[in-house]
Number of protein chains: 2
Amino acid sequence: MDLTALREHSPEACRGRETLDRVAEKWTLMVIAMLGERTKRFNELKRECVGISQRMLTVTLRSLERDGLVTRTVHPEIPPRVEYTLTDLGRTMLEAIEPLLVWTESHAARIDAARAAYDAEHPDRQAAGT
Amino acid sequence: MDLTALREHSPEACRGRETLDRVAEKWTLMVIAMLGERTKRFNELKRECVGISQRMLTVTLRSLERDGLVTRTVHPEIPPRVEYTLTDLGRTMLEAIEPLLVWTESHAARIDAARAAYDAEHPDRQAAGT
DNA sequence: CAGAATCCCGTTAGATACTG
DNA sequence: CAGTATCTAACGGGATTCTG
């Protein structure tokens, strides 16, 4: 893999890093993963993204829409119904993060163990509020 | 792909989400990517992770070390030399994020375009300080 | 139901200065 | 060189209230 571009100072490289930042935003991966299953409504996403607040879901979705990763469809009904769907671009991103999601689930225990071991060996270095 | 676990409230699911958070920390992907090339020294990483501050690199590396993803080796010389290397676990993570890194580089332009288009169509909705 | 708006606090992260 | 320490501004993000 060639990562040369990430280190450069060109405008393209900056965009690459910005995109990396977007990926690294707290709820991006989670929301994309959930929408990867199928089109979903606001409250459905809210229920599934355990721990997300209403506000952050709104902000995240708006941001994903802006980046062309998610489509927002308002159905003019009462009560209102709004559906969110991955765009083609969003689906390419989903494919790109699938290995990471799988890794996350299958290695969580090992990381937990490593963390405990580290904390046991470095009783001094531990952060206060963790 | 089965993402059921991410939605659950079990301890394992919580660990999964925590691991997702760790992955989504701002500099994690970048540092892992850079170390994926080879063992590197502190200042080398600092130079390559454009935009990172000394403090954030320290914090990120310490955190990665704690999670068993990176090894820190101090060579007792003067001037001091400290080297960082991916562990086996870290290398499995590197493999998991490679598709994402590639995606990031190859789709940055499209995201940029989508963003510009969105901003043009929604002159009202734009955030102030973006 | 699906938000928008407001308030407000804790954490994050940059800048700076110091050290083994 | 490879950090640590401190101080502070900025931002993220929760809780609450209000609306079409």
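Chain A is the first sequence line, chain B the second, and so forth, proteins listed ahead of strands; every chain is numbered from 1. None of the values given here were measured: they were computed from a predicted structure.
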*Under 3.5 Å, is there a donor-acceptor pair between the side chain of B:Asp67 and the main chain of B:Leu69?*
no
_If we ignore hydrogens and angles and just use 3.5 Å, is the side chain of A:Thr28 paired with the main-chain N or O of A:Arg22 as donor and acceptor?_
yes
_Whole-Å distance separating the CG atom of A:Leu57 from the P atom of D:dG12_ = 16 Å
*Ignoring backbone atoms, test whether A:Arg62 places a side-chain nitrogen or oxygen under 4.0 Å from the OP1 or OP2 oxygen of C:dA4.*
yes
*Contacts to DNA chain D from residues 31-46 of chain B, heavy-atom cutoff under 4.0 Å, which residues?*
B:Arg41, B:Phe42, B:Asn43
*Exam field: side chain A:Arg91 to backbone A:Leu86, donor-acceptor pair closer than 3.5 Å*: yes
*Group every Ile, Leu, Val, Met, Phe, Trp and Tyr by side-chain heavy-atom contacts under 4.5 Å, then state whether A:Leu20 and B:Val50 land in the same group.*
no
*To the nearest 0.5 Å, what is the distance between NZ (A:Lys26) and CD (B:Glu25)?*
10.0 Å
*Counting distance only, does the side-chain N/O of A:Thr87 pair as donor-acceptor with the main-chain N or O of A:Gly68 below 3.5 Å?*
yes
*Calculate the interatomic distance between B:Arg72 atom CZ and D:dC1 atom P; express it in whole Å.*
16 Å
*Going through the checks in order, is the salt bridge (charged side-chain N to carboxylate O under 4.0 Å, His left out) test met by A:Asp112 and A:Arg115?*
CA-CA 5 Å; A:Asp112 231 44; A:Arg115 210 174 274 192; 5.1 Å; no
*Calculate the interatomic distance between B:Glu77 atom CD and D:dG3 atom C1'; express it in whole Å.*
16 Å
_Beyond-backbone contact of B:Leu61 with B:Phe42, side-chain heavy atoms, under 4.5 angstrom_ = yes
*With axes from five pairs an end, tell me the bend angle of the helix from C:dC1-D:dG20 to C:dG20-D:dC1, nearest 10°.*
50°
*Determine the sole option in A:Leu57, A:Leu35, A:Val31 for which the side-chain contact (heavy atoms from CB on, under 4.5 Å) test with A:Tyr84 is passed.*
A:Leu35
*Assign a letter to each nucleotide of nucleotides 13-20 of chain D from its 5' end: B, base within under 4.0 Å of a protein heavy atom; S, sugar-phosphate only; -, no contact.*
BBB----B
*Indicate whether OP1 or OP2 belonging to C:dC1 is found under 4.0 Å from a side-chain N or O atom of A:Tyr84.*
no
*Co-membership, hydrophobic cluster, residues A:Ile78 and A:Val82, 4.5 Å side-chain*: no
*B:Val59 and A:Tyr118: same hydrophobic cluster, using ILVMFWY side-chain contacts below 4.5 Å?*
no
